[in-house]
Amino acid sequence: MANKQTVKSVKGTRDYYPEEMAIRTWLYDNMRSVSEEFGFQEYEGPILETLDLYASKSGEEIVEKQSYVFEDRSGEKITLRPELTPSLARMVAKKQGQLTFPLRWWSFGPFWRYERPQKGRTREFFQWNIDMIGEDSAGADAELVIIAASFLKRVGLNADEVQIKVNSRELMDAETNKLGLDDEARAKAFQWIDRKDKLKEDAWLNYGKELGFSEVQMQGIQDLINNKDLWKNSETLTEVFKIVEAYGMSDYISFDPSIIRGLLYYTGTVFEAWDTAGDFRALFGGGRYDNLVGDVGGQKVGAVGFACGDLVIKLLLDKLGRLPEVGSTPADVYITVFDQDTFTESLGLAKEIRQAGIKVTSHLKIEKLGKQFKYADRIGARYALVLGPDEIASGMVNLKNLQDGDQKQISRESLISELKKFLEG
RNA sequence: GUGGGUGUAGCUCAACGGCAGAGCGUCGCACUGUGACUGCGGAUGUUGAGGGUUCGAAACCCUUCACCCACCCCA
């Protein structure tokens, strides 16, 4: 026993013990209710996809370096999905003629990326995906941003603690175009912008030179990302901020020209949520991807959505002491067994209470009552019942409140209504 | 893929190169119809693994593995 090694788990995976699972479920419940309140439907794609689905659409890093790829028995290259959006695009393309647009769909499930695990990053992670397909208007972009803000609000994060930073690829393309940057230079410019918060001023400027920018170009780019009013040059962003304002969510949302995002398929509005203290990575990220459905064989339709991992938001809530107290007990009521003669009585009582919809566990063998009470206490049961010869003779049940130690005899008839009253109150 | 840190009991951690320990937890008893509190008592280690230096290694050196952190990228 002691000298036996536990079989190791796969690197980068997490075990969800009941406490952690309760938190994941709580997050899932919040994702579900926000999604459904906005009229989105749940769906799910396969966990295995062909490598082709991601090739050249997700970005080289994700496909070449971070995907779990293996050959199945026929020799086909299969990958464990690193993200959901391409699957969604494929599903839409496949049934495009039968669907009513705009679609409002959401999903929550596991994803894999083969990278070095670290704070807020694991190889297997769970992600909420929510997308609107078949709608080009800024109203769609705005709705997704509003949903994102609503979710943050719902899990108890306020606008001082988190901010959704919004930008537009289109806008940045146009503006860098004005600076005379070609596609290659633009890619480098985005790379440079992306690095601004990570490097010190000097190092960042040096990095700009290394990328081959002239002083004039660097000044131009800096002017762009320092321009807090740059969004006014974008009709879409102007509209998005107007709608967000009208919905009363502007406090969660701000314009940030340095938000670019790495995935290749984004075409318009892009956004990310960050903790304002800057302790963690992005809580979620998303944007508009108008070409993806067309790229996987469908007709081109507008699409916008975002993905939110379960890990960073959990770290943030934990830091703020905002994680809910959930799943503290598997059974509200614990039924002890007194002796062999009364065992079946206890079992019958359990059945009765269970049928009333109350969570009940009963002891499985005759043991000292002390041990039984101890177990009931350990699992967090709120009440313990004793059904001994005295109680059976008098048609009573001994009901003990494990929280305050109160104990009383009550009749079998009134037990269930009493329990319900106590548990609800 | 690159760089750094840490591995000692179930957990958190101590131990100058000189007998491997504490707290918490766990188990038993006090308590033959009652948990949490209290008191008493018990159990648990290939010091991550392999090699080397040494009279002597948890400690020093090498190798390896695991985990953590940062970079890269991203949820």
Side-chain angles (χ1 to χ4, degrees), chain A residues 1-14 27 31 58-67 81-85 107-130 148 191 194-195 198-199 203 259-264 266 271-274 280-286 305-316 334-339 342 363 366-392 397-409:
Chain A
M1 194 175 84
N3 63 347
K4 207 171 162 185
Q5 289 280 331
T6 315
V7 176
K8 68 168 188 171
S9 52
V10 174
K11 188 187 187 80
T13 59
R14 277 173 295 164
L27 275 173
M31 290 162 178
S58 296
E60 191 188 340
E61 180 81 18
I62 286 182
V63 180
E64 313 250 322
K65 295 183 179 162
Q66 296 190 348
S67 284
R81 62 183 188 186
E83 55 164 338
L84 188 61
T85 312
S107 186
F108 180 81
F111 296 86
W112 289 266
R113 287 187 198 171
Y114 193 87
E115 60 185 335
R116 281 280 258 277
Q118 54 193 290
K119 195 174 176 188
R121 282 292 169 274
T122 51
R123 287 182 171 183
E124 182 189 46
F125 57 97
F126 284 75
Q127 206 178 60
W128 174 36
N129 280 264
I130 179 160
Q191 208 177 332
D194 188 52
R195 217 44 59 77
K198 292 170 184 165
L199 297 175
I259 298 297
I260 299 293
R261 301 195 51 69
L263 294 176
L264 295 176
Y266 288 117
F271 56 93
E272 292 177 352
W274 290 84
F280 304 106
R281 299 153 187 280
L283 282 100
F284 53 72
F306 68 88
C308 174
D310 68 322
L311 197 44
V312 178
I313 194 145
K314 201 174 99 179
L315 287 172
L316 176 59
Y334 197 86
I335 301 185
T336 61
V337 294
F338 193 82
D339 57 23
T342 61
H363 213 69
I366 317 302
E367 271 188 302
K368 290 202 311 194
L369 277 180
K371 288 192 113 178
Q372 303 192 38
F373 269 82
K374 191 167 191 166
Y375 182 79
D377 183 49
R378 291 280 170 83
I379 65 168
R382 293 168 68 188
Y383 295 96
L385 298 184
V386 180
L387 197 55
D390 298 348
E391 287 82 5
I392 289 170
V397 175
N398 184 297
L399 173 66
K400 179 164 183 174
N401 181 329
L402 291 173
Q403 273 148 10
D404 58 24
D406 249 22
Q407 190 166 199
K408 61 182 173 184
Q409 302 278 113

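We name chains A, B, ... by the order of the sequence lines, and we start the count at 1 in each one.
- Residue K368(A) places at least one side-chain N or O closer than 4.0 Å to OP1 or OP2 of rC29(B).
- Contacts of N401(A) classified as side-chain contact (heavy atoms from CB on, under 4.5 Å), with partners at least two apart in sequence or in another chain: Y383(A), Q403(A), D404(A), D406(A).
- Looking at V386(A) and F373(A), their side chains come closer than 4.5 Å, going by heavy atoms from C-beta outward.
- Spacing between atom NZ of K374(A) and atom P of rA30(B) amounts to 13 Å, rounded to whole angstrom units.
- For the P atom pair drawn from rG4(B) and rU46(B), the interatomic distance equals 31 Å after rounding to whole Å.
- Contact of the F284(A) side chain with the Q127(A) side chain is not registered, since no non-hydrogen atoms from C-beta on lie closer than 4.5 Å.
- If you measure from atom CZ of R121(A) to atom P of rG1(B), you get 19 Å, rounded to the nearest angstrom.
- Put simply, the side chain of Q372(A) and the base of rU34(B) share no donor and acceptor less than 3.5 Å apart.
- Side-chain proximity of R195(A) to rC73(B), rC27(B), rG33(B): nearest is rC73(B).
- E391(A) comes within contact range of at least one nucleobase, with a heavy-atom separation under 4.0 Å.
- Centre separation under 5.5 Å together with a plane angle under 30° does not hold for the ring of F284(A) and the six-membered base ring of rA75(B), so they are not marked as stacked.
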For nucleotides 3-5 of chain B, tabulate all protein N/O to nucleotide N/O atom pairs closer than 3.5 Å, reporting atom names and distance.
from: rG3(B); atom 1: O6; to: R116(A); atom 2: NH2; distance (Å): 3.3

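- Rounded to whole Å, the distance from OH on Y375(A) to P on rC27(B) is 12 Å.
- Counting to the nearest Å, the C1' atom of rU34(B) and the CD1 atom of I335(A) are 16 Å from each other.
- Counting atom types as modelled, R113(A) pairs a side-chain N or O with a base atom of rA75(B) as donor and acceptor under 3.5 Å.
- For rA75(B), its base sits under 3.5 Å from the side chain of E115(A) at one donor and acceptor pair at least.
- Contact check for F271(A) versus I259(A): no side-chain heavy atoms found under the 4.5 Å cut-off.
- As judged by a 4.0 angstrom heavy-atom cut-off over every strand, I313(A) is placed among residues making no nucleic acid contact.
- Consecutive Watson-Crick or G-U pairs involving RNA chain B, each under 3.5 Å on both distances, make up stems of three or more pairs at B:1-7 with B:65-71, B:10-13 with B:21-24, B:26-30 with B:38-42, B:48-52 with B:60-64.
- By the side-chain contact (heavy atoms from CB on, under 4.5 Å) test, R116(A) pairs with no residue at all, sequence neighbours left out.
- Residues forming a side-chain contact (heavy atoms from CB on, under 4.5 Å) with R123(A) (at least two apart in sequence, or on another chain): K11(A), Y68(A), Y114(A), P117(A).
- The CH2 atom of W112(A) sits 21 Å away from the P atom of rC74(B) (whole-angstrom rounding).
- Looking at the side chain of R281(A), the nearest of the listed nucleotides rU34(B), rA75(B), rC73(B) is rC73(B).
- Every side-chain contact (heavy atoms from CB on, under 4.5 Å) that A381(A) has, sequence neighbours left out, goes to Y334(A), A376(A), I379(A), L402(A).
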